[in-house]
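Here's the structure we're looking at; comments come further down.
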Amino acid sequence: MLRSTFCFLSHRKQDLRELKLLQKQENKQVTDLQYKNHLALEAKERKFEADSTALKKTFDQDLDVMTKQQKQQIEKAEQMQQNDMKNAAKKLRTEQEKELKMFREKQKQEMKLLKQELDLLPRDNRKETAQKIRETKQIEMEEKERMFLENQSERMEKHMRLLADQHRQKIAMLESQCLQQKQQMYRSREASIWEMERAQLHERHQLMKTQLKDMFFVKRHQMLARHQKEMENQLRYNQTKEDELQNRHTMEKRRLPKILKSEAKTRAMMFKQSLRLSTIGTPEDDKFKIKQFEESEKKRMKSEQLRQEEKHKRQMKALKDKNEAAIKELEQLQAEKRKMLMEQETQKIKELEDQFASDMSQWKALLIPRKQALEEQFQRETQEQQSFYADVVSGEAGIPAMPSIRSSAASVRSSKSRDSGTMNSRQSTVI
């Protein structure tokens with residue numbers, strides 16, 4: 001009995017040590033998984049940052065290429081404007097020189113005709129009259145030449161102004177096209193950034209959801225291992241109790257015949273002694289009574305054995321019922337723990353989904369003003385450009401002041417210097 005008790009206590013200590021070791025292993029598994037998840041999240045965030053940087057770098061490169069192309073277009077347009085202005089001025093001057101030469105030839109012919117007419121005047125007052133007529137004609141011809149030169153100058157100025165205005169319109173149209181291209185590139189860039197942000201929100205959510213499911217998978221696996229260990233311990237404990245009871249029954253069953261025989265022997269001696277002390281009856285009667293007593297003792301011994309067997313069966317059945325109840329209670333407790341773990345997992349996933357929905361709603365709410373701010377910025381840039389070239393539009397109704405040949409190109413370069421500081425300032429076509 002003491003040996004079985006010692007073995008039972010030894011097994012219980014071993015079970016406690018195993019459970020403690022199992023708990024230590026579980027804690028290590030959870031800690032390692034948490035650290036692994038933390039590293040995965042950090043790696044994902046670094047990937048998001050690298051993707052964002054690569055996208056912006058690609059845009060900057062494309063913008064730089066487009067800026068150089070636009071600058072080349074503007075410089076080419078400026079050079080063409082200068083060449084056109086020079087060629088037009090040279091051609092017009094040549095034509096005006098021819099016209100002036102023809103005009104002067106015509107005046108010479110008129111002077112010759114006038115001289116011939118003067119020669120036909122009477123000799124009396126020819127000299128005085130001819131002098132007056134020549135002076136008057138000279139004044140008239142000088143006035144005509146002056147007016148002719150002024151007319152040529154006005155035509156030259158008007159033609160050059162018109163040509164400069166046409167070039168300025170071309171520059172304005174070119175800058176408008178370039179501005180639209182730049183704004184469209186910014187729209188594409190922002191759309192790509194917004195799409196990346198949305199995809200990153202989804203990826204981050206999916207990663208956290210996967211990590212959460214992995215964590216609960218590990219917890220379920222640990223719980224099943226722990227439950228299996230608890231069940232094994234409980235079954236071993238129950239089997240130990242049954243074995244102890246069975247050993248005790250075996251020992252009692254072995255001792256009972258000896259006890260009954262000893263009792264029967266003592267009772268027989270007492271019965272025989274009582275018969276000797278009694279004077280009633282013959283020896284034959286005493287033998288008969290002894291025989292009956294022995295038979296009754298056999299029946300009593302058999303009855304005691306049967307009673308012991310029934311008692312052992314009842315004790316074993318009670319112990320087994322108790323053990324089965326303990327097993328069912330343990331199974332129910334383990335089932336409740338598994339159910340609680342599943343409910344906890346469901347709740348955590350629901351909280352994660354709610355947080356993701358909240359983050360997505362907040363991102364969409366902030367996206368609207370970002371889009372509005374971008375379009376307002378584009379509208380300001382377009383209005384500033386239209387205001388800068390407003391004289392080109394108004395020049396169609398009246399003749400504007402003649403702009404400088406380099407004015408439009410200078411506006412592009414000045415816009416570039418202003419735009420390099422901030423995107424909110426006026427941006428010309430070439431940034």
Does the side chain to side chain contact (heavy atoms under 4.5 Å, CB included) test come out yes or no for Tyr186 and Gln377, once each step is laid out? CA-CA 11 Å; Tyr186 269 106; Gln377 176 186 335; over 6 Å; no

Which heavy atom of [X] sits nearest a heavy atom of [Y], and at what distance?
X      : Y      : result
Leu235 : Ile327 : CD2-CD1, 3.6 Å
Phe356 : Leu201 : CE1-O, 3.6 Å
Leu207 : Ala40  : CD2-O, 3.9 Å
Phe148 : Leu100 : CE2-CA, 3.7 Å

Please lay out, stage by stage, how His202 and Gln206 fare under the test side chain to side chain donor-acceptor pair (under 3.5 Å). CA-CA 6 Å; His202 277 284; Gln206 289 298 326; 5.5 Å; no

So that I can tick it off, tell me whether [Y] and [X] are bridged by a salt bridge, with the cut-off set at under 4.0 angstrom between side-chain N and carboxylate O.
X      : Y      : value
Arg307 : Glu304 : yes
Glu324 : Lys328 : no
Lys182 : Glu381 : yes
Glu244 : Arg248 : no
Glu297 : Arg300 : yes
Glu145 : Arg104 : yes
Lys68  : Asp64  : yes

Neighbour count above 12 (heavy atom, 6.0 Å) for [X] [atom1]:
X      : atom1 : value
Glu263 : CD    : yes
Met196 : CE    : yes
Met360 : CE    : yes
Arg146 : CZ    : yes
Lys44  : NZ    : yes
Lys229 : NZ    : yes
Glu42  : CD    : yes
Met316 : CE    : yes

I want to check something: taking the side chain as every heavy atom from C-beta on, are [X] and [Y] in contact at a cut-off of under 4.5 Å?
X      : Y      : result
Lys261 : Met301 : yes
Gln70  : Gln181 : yes
Ser188 : Gln184 : yes
Leu352 : Lys348 : no
Gln246 : His312 : no
Gln69  : Val65  : yes
His227 : Lys337 : yes
Arg168 : Gln81  : no

Stepwise salt bridge (Lys or Arg N to Asp or Glu O under 4.0 Å) test for Glu375 and Lys371: CA-CA 6 Å; Glu375 292 301 326; Lys371 290 182 178 180; over 6 Å; no

Test Gln308 against Glu252 for side chain to side chain donor-acceptor pair (under 3.5 Å), laying out the working first. CA-CA 9 Å; Gln308 187 188 55; Glu252 290 178 355; 4.5 Å; no

What's the separation between atom [atom1] in [X] and atom [atom2] in [Y], rounded to the nearest 0.5 Å?
X      : Y      : atom1 : atom2 : value
Met156 : Asn151 : CE    : CG    : 12.0 Å
Arg198 : Ile193 : CZ    : CD1   : 15.0 Å
Lys209 : Lys213 : NZ    : NZ    : 4.5 Å
Asp214 : Asn37  : CG    : CG    : 7.0 Å
Gln29  : Asn27  : CD    : CG    : 9.5 Å
Asn233 : Thr240 : CG    : OG1   : 10.0 Å

Checking His38 against Gln34: is there a side-chain donor and acceptor pair closer than 3.5 Å? no

Using distance alone, with no hydrogens and no angle criterion, decide if Asn238 and Gln234 have a side-chain donor and acceptor under 3.5 Å apart. yes

Apply side chain to side chain contact (heavy atoms under 4.5 Å, CB included) to the pair Arg189 and Lys56, showing each step before the final yes or no. CA-CA 8 Å; Arg189 170 184 182 268; Lys56 293 177 180 178; 4.0 Å; yes

Intermediate values then yes/no, side chain to side chain contact (heavy atoms under 4.5 Å, CB included), Arg204 and Glu45: CA-CA 8 Å; Arg204 187 181 293 107; Glu45 292 297 334; 2.7 Å; yes

Using salt bridge (Lys or Arg N to Asp or Glu O under 4.0 Å), reason through Glu353 and Lys350 one step at a time and then give a plain yes or no. CA-CA 5 Å; Glu353 293 289 348; Lys350 184 177 180 300; over 6 Å; no

Donor-acceptor pair, side chain of Gln73 and main chain of Leu174, under 3.5 angstrom: no

Please check this pair: side chain of Ser358 against backbone of Asp354, looking for a donor-acceptor N/O pair closer than 3.5 Å. no

Side-chain donor-acceptor pairs under 3.5 Å in residues 84-95, sequence neighbours left out?
from, atom 1, to, atom 2, distance (Å)
Asp84, OD2, His167, NE2, 3.3
Asn87, ND2, Asn83, O, 3.1
Thr94, OG1, Lys90, O, 2.8

Going through the checks in order, is the side chain to side chain contact (heavy atoms under 4.5 Å, CB included) test met by Leu245 and Lys241? CA-CA 6 Å; Leu245 183 61; Lys241 286 294 185 181; over 6 Å; no

Find out whether the Lys NZ or Arg CZ of Arg338 is both under 6.0 angstrom from the six-membered ring centre of Phe216 and within 45° of the ring's axis. no

Run the salt bridge (Lys or Arg N to Asp or Glu O under 4.0 Å) check on Glu26 and Arg226 step by step: do they pass? CA-CA 10 Å; Glu26 291 175 356; Arg226 188 166 57 252; 2.7 Å; yes

So Lys317 and Asp321, salt bridge (Lys or Arg N to Asp or Glu O under 4.0 Å) or not? Walk me through it. CA-CA 6 Å; Lys317 184 177 183 302; Asp321 292 341; 3.1 Å; yes

